[in-house]
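Encoded as C-alpha cells, the structure appears first; notes follow it.
All values below come from the heavy atoms of this structure, side chains included, with hydrogens, waters and symmetry mates left out.
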Amino acid sequence: MTMLQVTPNGPWGKDVHPTMPVTLDEVVADLTECFAAGADGVHLHVRDESGAETLDPAVVNETCRRAREVAYGELEVGLTTGAWIVPDLADRIAMIREWEGVDVATVNLSEDGFEQVMRAMLDVGIGIDVGLWAPQEVPALLASGLLPHAARISIELDPGEPYFLPGPPEATADEVNRLLDEAGATCPRLTHGMNDWTWPLVRDAFRRGHATRVGFEDSILLPDGTPATSNADLVRAAVALR
C-alpha cells in the first residue's frame, strides 16, 4: 500500500486553524492521533520553543526521536529544507549535515543552491525528496544530474504562487508525470495539492499508485468543503478515499 503522509503544520500558525500544532508537545500529540487514524509518514516543519521554524540539529533530532516514539511500526520521517528558514546556504547545509533520524528531506527546485543541498544530503545518508512545483522545473532537475540519486519526487501543485498553475489539477499532474516518464525517472512519486487542489490530487495520487499527503500545511478543509477539526480528521478522510 502506498504511503499516506501527514504534514501537520507547515509554516502556519493558529491563525490558520485554532488547533494547529506548533509546540513540540502539540505536534507529538497530533501525530499520535494521525498515526492511529492511518498515516504512516510525516513531513515535519520543526519549531523551536518560540514556535518559529528551525533547522537546528538539536531541535530537529529531538523532534524526530519523539515522532518515532508514537509511531505504529515503520515510520518515514521527512523534513523540509526550505531556504526561508535559514537563508544562508552554507549555514543551512551545515545544519543538515548534523541531522539524525531524518529519512528524507524535501529540497525545492525553485530555490537557489538546491544542487548543493542535495549533494550534502547524499553525503550524510538523507534521502533526497525532490520538491517539484511545476512542469517548468523539470529541466532544472535534469540539468543537475541528480535525478538518478533521488529517493522520491514530490509533485507539489498549487494554483497560487509562484506559478499560478491553471486547472484542472489532474491535467498538470499528467504533464509532470509525462515529463518524468520521458526522463526515465524510476524513483517513487508523491503527489499532493494545496488548497482547492488538495483533494483532487489525493484522488489522482491513489489512482496512479503514488504516495500522497494531507494535513493543515496543505488545507484545513475536508473533501466536502467543511473545516476539519484536526489533522486526524484529514487523515481519516484520505483513508476513506483509498
Side-chain angles (χ1 to χ4, degrees), residues 1-8 10 34 37-45 76-82 103-111 114 118 127-142 146-147 150-223 228 231 234-242:
M1 186 178 294
T2 54
M3 182 182 66
L4 176 58
Q5 187 183 73
V6 64
T7 179
C34 290
D40 51 7
V42 60
H43 174 74
L44 292 167
H45 286 236
E76 184 193 271
V77 176
L79 260 68
T80 181
T81 63
D103 296 311
V104 297
T106 303
V107 185
N108 300 317
L109 295 172
S110 60
E111 295 176 350
F114 75 84
M118 289 181 177
I128 296 170
D129 188 355
V130 177
L132 198 164
W133 293 359
Q136 49 264 52
E137 291 186 347
V138 173
L141 173 60
L142 301 184
L146 288 161
L147 175 58
R152 182 170 62 231
I153 299 171
S154 283
I155 301 167
E156 308 185 83
L157 304 179
D158 187 341
E161 295 181 351
Y163 292 108
F164 297 99
L165 299 170
E170 297 89 346
T172 303
D174 275 338
E175 183 179 359
V176 171
N177 279 286
R178 177 182 59 79
L179 292 170
L180 292 174
D181 290 343
E182 290 174 353
T186 58
C187 64
R189 300 177 197 177
L190 182 153
T191 299
H192 77 94
M194 297 285 290
N195 301 311
D196 290 345
W197 283 21
T198 296
W199 293 107
L201 289 176
V202 167
R203 294 184 177 94
D204 188 76
F206 287 145
R207 180 177 63 83
R208 295 176 188 275
H210 290 185
T212 191
R213 77 181 207 189
V214 293
F216 285 165
E217 177 174 354
D218 294 348
S219 175
I220 65 169
L221 301 180
L222 294 165
N231 278 305
L234 297 171
V235 172
R236 282 187 286 268
V239 168
L241 293 175
R242 266 184 170 155

(message) Before you tell me yes or no, could you show the steps for H192 and W197 under side-chain contact (heavy atoms from CB on, under 4.5 Å), namely the whole-Å CA-CA distance, both residues' side-chain angles and the distance that decides it to 0.1 Å?
(response) CA-CA 8 Å; H192 77 94; W197 283 21; over 6 Å; no
(request) Please assess V107 against V130 for the test side-chain contact (heavy atoms from CB on, under 4.5 Å), listing each intermediate value before the final yes or no. (result) CA-CA 5 Å; V107 185; V130 177; over 6 Å; no
(request) Walk me through it: do L44 and T80 pass the test side-chain contact (heavy atoms from CB on, under 4.5 Å)? (result) CA-CA 7 Å; L44 292 167; T80 181; over 6 Å; no
(request) Take V42 and E76 through the test side-chain contact (heavy atoms from CB on, under 4.5 Å) and record every step on the way to the result. (result) CA-CA 6 Å; V42 60; E76 184 193 271; over 6 Å; no
(message) Please determine whether side chain to side chain donor-acceptor pair (under 3.5 Å) holds for the pair S219 and N195, giving the CA-CA distance in whole Å, both sets of side-chain angles, and the decisive distance to 0.1 Å.
(response) CA-CA 5 Å; S219 175; N195 301 311; 5.5 Å; no
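Listed by chain and residue number, R208 satisfy the salt bridge (charged side-chain N to carboxylate O under 4.0 Å, His left out) test with D174 (two or more places apart in sequence, or in another chain). N108 pairs by the side chain to side chain contact (heavy atoms under 4.5 Å, CB included) definition with W84, T106, S110, E111, W133, E156, not counting sequence neighbours. Checked against ring pair (Phe, Tyr, Trp, His ring centres under 6.0 Å), F216 has the following partners two or more places apart in sequence or in another chain: H17. Residues meeting the salt bridge (charged side-chain N to carboxylate O under 4.0 Å, His left out) test with E182, sequence neighbours left out: R178. Taking the salt bridge (charged side-chain N to carboxylate O under 4.0 Å, His left out) definition, one finds that D103 meets it with R68, sequence neighbours left out. Among residues two or more places apart in sequence or in another chain, the salt bridge (charged side-chain N to carboxylate O under 4.0 Å, His left out) test is passed with E170 by none.
The shortest non-hydrogen separation linking P166 to T172 is O-OG1, 3.4 Å. Smallest separation of non-hydrogen atoms from V239 and G38: CG2-CA, 4.3 Å. Nearest heavy-atom pair across P188 and A151 is CD-O, 3.2 Å. Taking each heavy atom of A205 and T212 in turn, the nearest pair found is CB-CB, 3.6 Å. Taking all atoms of both residues into account, the shortest heavy-atom contact from N231 to P8 is ND2-O, 3.0 Å. In this structure, Y163 and A134 approach most closely via the heavy-atom pair CD1-CB, 3.6 Å.
Remark: side-chain polar atoms of R152 are not paired, donor with acceptor, to backbone N or O of V104 under 3.5 angstrom. Under the 3.5 Å distance criterion, the side-chain polar atoms of W199 are matched with a main-chain donor or acceptor of L221. With hydrogens and angles ignored, the 3.5 Å screen pairs a side-chain donor or acceptor of N177 with a backbone N or O of A173. Between the side chain of T198 and the main chain of G193, a donor-acceptor pair closer than 3.5 Å is present.
A distance of 10.0 Å separates CD of Q136 from CG of L179, quoted to the nearest 0.5 Å. With rounding to the nearest 0.5 Å, the separation of CG in L190 from CE in M3 is 5.0 Å. E175 contributes atom CD, which lies 10.0 Å from atom CG of L157 (distance to the nearest 0.5 angstrom). In this structure, L141 CG and L180 CG are separated by 7.0 Å, a value rounded to the nearest 0.5 Å. The distance from atom CD1 of I128 to atom OG of S154, rounded to the nearest 0.5 Å, is 12.5 Å. Taken from NE2 in H43 to OG1 in T7, the straight-line distance is 4.5 Å, to the nearest 0.5 Å.
Looking only at side-chain heavy atoms (C-beta outward), L241 and R203 come within less than 4.5 Å of each other. Using a 4.5 Å cut-off on side-chain heavy atoms (C-beta onward), L165 and D158 make no contact. Between L234 and L222, the closest side-chain pair of non-hydrogen atoms falls below 4.5 Å. You'll find the side chain of L147 reaches within 4.5 Å of the side chain of I153, heavy atoms only. In this structure, the side chains of V202 and R207 stay at 4.5 Å or more apart for every pair of heavy atoms.
Side-chain polar atoms of T191 and H210 form a donor-acceptor pair below 3.5 angstrom.
Using a 4.0 Å cut-off between a side-chain N of Lys or Arg and a carboxylate O of Asp or Glu, D129 and R189 do not qualify as a salt bridge.
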